[in-house]
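Order of the sequence lines sets the chain letters (A, B, ...), proteins ahead of strands, with each chain counted from 1.
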Amino acid sequence: MSAFDVLMERGFIEQLTHEDEIKELLEKENITFYIGFDPTADSLHVGHFIALMAMAHMQKAGHRPIALIGGGTAMIGDPSGKTDMRKMLTKEEIQYNSECLKKQMERFIDFSDGKAIMVNNADWLWNLNYIEFLRDVGVHFSVNKMLTAECFKLRMEKGLSFLEFNYMLMQAYDFLELHKRYGCVMELGGNDQWSNILAGADLIRRKEGKPAYGLTFKLLTNSEGKKMGKTEKGALWLDANKTTPFEFYQYWRNVNDADVEKCLALLTFLPMDEVRRLGSLKDKEINEAKKVLAYEVTKLVHGEEEAKKAEQAAIALFESGGDLSNAPTFEMPANLLGQKVIDVLVEIKAIPSKSEGRRLIQQGGLYINNEKVSDMDFIIDESLFKDGEMLVRKGKKTFYRVVLV
RNA sequence: GGGACGGUUCCCGAGUGGCCAAAGGGGGCAGACUGUAAAUCUGUUGGCGCAGCCUUCGGUGGUUCGAAUCCACCCCGUCCCA
């Protein structure tokens with residue numbers, strides 16, 4: 001089975017520059033392709049994870065991936081599909097972020113023995129000569145055409161700075177550069193990158209007279225078409241310090257019934273027969289599929305050990321039994337004993353403000369050791385701790401293990 | 001550079017001297033119903049020593065008993081003209 005068939009069957013593909021040619025190419029040859037990641041934050045998130053999965057599938061099929069870190073393009077900022085210009089990052093921030101992304105990617109892709117390449121476009125973008133670049137690359141771009149590009153549509157209403165307008169040229173130039181250096185013939189990316197990918201492929205055809213291809217992935221959306229991978233705290237990060245393995249596990253444990261199969265196909269390596277079987281489970285049964293999904297994705301991102309811990313914690317909290325020690329934990333200094341719940345919870349940062357705590361109690365959403373707290377002045381004392389720990393529950397799904405220290 | 005219009009609480013967006021912690025929607029949180037799902041319904045959504053008080057409406061000063069609302073200057077954005 002070729003990489004093309006795998007990506008198609010698992011539902012990765014949204015658009016292709018040349019469907020038939022790409023299909024044939026991926027069947028008959030081992031190619032070099034690239035995916036770019038701009039270091040706009042110090043961690044990758046789920047959106048990037050899809051791309052990494054696609055990269056891994058391609059690599060398994062014998063193709064050579066180039067993971068490009070956009071240290072240069074992050075200096076510009078991609079306006080594609082965004083309503084406003086992003087905050088400009090400093091060179092230092094970008095360098096720091098680049099290092100973080102690099103470490104994360106090494107966990108998913110095998111870079112040993114030249115099986116994959118990692119590059120940073122800062123290496124060639126930071127020292128570009130403006131005049132040379134304009135004469136060399138700029139001539140090949142039509143402003144008229146760019147203005148009609150989908151990726152700028154939103155910005156034609158709210159304003160687009162010249163800085164960001166240049167992003168497309170930078171990315172196109174990357175593709176050309178990788179083509180020359182490594183014989184890279186294909187760029188993959190999220191569907192929001194379609195215009196940029198086309199620009200790069202066009203540039204190679206014009207300047208080199210050689211074919212270049214592009215392919216975009218479906219954005220991870222739920223059955224209502226909304227972007228997935230967002231939590232109340234923002235993105236669902238791959239970094240354990242930004243999104244804990246338990247939170248990460250719970251996110252997938254709670255996906256909509258309708259999205260389970262799609263997620264299994266995109267985010268795990270389970271065989272498609274198994275994916276389809278799990279996806280076809282109905283009603284309560286589908287919870288089994290969700291457990292598999294949560295476990296598998298967490299395993300890929302955080303490793304088997306963390307995945308098991310997260311699973312254990314979930315069993316302990318929701319099904320009773322299992323090992324509680326892996327549940328999210330807060331430490332409570334012993335000198336807080338004798339104070340009101342609200343004060344204690346705010347102090348250990350389990351809730352952000354006392355007003356919120358009062359609201360919780362008023363609405364009957366706070367439990368200690370599974371008993372509802374209805375008294376605003378409820379006192380936390382030592383008798384609540386069994387073996388030095390107490391279980392606080394906020395609403396139905398948020399649990400904290402509080403440990404006395 | 002000239003002119004027009006804007007900058008409101010997490011987001012969108014009403015408010016144009018006191019009745020404004022500020023309509024409405026989105027999102028969030030909680031409750032009911034459930035399957036740790038979805039949909040639906042209800043409540044809630046600045047902080048605190050919570051029948052009261054304190055801090056918020058781009059910034060700084062001013063007018064006024066009283067300003068998100070009026071005035072001055074400044075900063076930022078969009079549009080039109082140059």
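- Nearest to the side chain of A:Tyr367, among B:rU36, B:rG31, B:rA30, sits B:rG31.
- Looking at A:Lys291 and A:Glu319, a side-chain N of the basic residue comes within less than 4.0 Å of a carboxylate O on the acidic one, giving a salt bridge.
- Closest to the side chain of A:Thr398, out of B:rG35, B:rA30, B:rA37, is B:rA30.
- The separation between A:Asp283 atom CG and B:rA38 atom C1' is 12 Å, rounded to whole Å.
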Restricting both atoms to N or O, compile the protein contacts to nucleotides 43-45 of chain B shorter than 3.5 Å, with distance only.
residue	atom	partner	partner atom	Å
B:rG43	N2	A:Gln363	OE1	2.9
B:rG43	N2	A:Gln363	NE2	3.4
B:rG43	N3	A:Gln363	OE1	3.2
B:rU44	O4'	A:Gln363	OE1	3.2

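- Ranking B:rC33, B:rG47, B:rU36 by closeness to the A:Lys397 side chain, first place goes to B:rU36.
- Among pairs with a residue in residues 136-147 of chain A, those fulfilling salt bridge (charged side-chain N to carboxylate O under 4.0 Å, His left out) read A:Asp136-A:Lys207, A:Lys145-A:Asp202, at least two apart in sequence or across chains.
- Of the N and O atoms on the side chains of A:Thr40 and A:Asp38, not one donor lies less than 3.5 Å from an acceptor on the other residue.
- Within the 4.0 angstrom heavy-atom criterion, no nucleotide atom of any strand lies near A:Leu366.
- Residue A:Gln250 is in base contact, counting any heavy-atom pair closer than 4.0 Å across all strands shown.
- Look at A:Lys284 and you won't find any side-chain N or O under 4.0 angstrom from OP1 or OP2 of B:rU34.
- Taking only side-chain atoms of A:Lys396, from C-beta outward, the nucleotide of B:rA37, B:rU34, B:rU36 with the closest atom is B:rU34.
- The aromatic ring centroids of A:Tyr34 and A:Tyr182 lie 6.0 Å or more from each other.
- One finds a side-chain N or O of A:Lys354 lying less than 4.0 angstrom from the OP1 or OP2 phosphate oxygen of B:rG49.
- Here B:rU36 presents its C1' atom at 15 Å from NZ of A:Lys394, a figure rounded to the nearest Å.
- The pair A:Lys242-A:Asp42 meets the salt-bridge criterion, since a charged nitrogen lies less than 4.0 angstrom from a carboxylate oxygen.
- Here B:rU36 presents its P atom at 18 Å from CD of A:Gln312, a figure rounded to the nearest Å.
- Between A:Lys308 and A:Glu304, at least one side-chain nitrogen of the basic residue sits less than 4.0 Å from a carboxylate oxygen of the acidic one, meeting the salt-bridge criterion.
- Across all strands shown, A:Val255 has heavy atoms under 4.0 Å from sugar-phosphate atoms exclusively, and none from any base.
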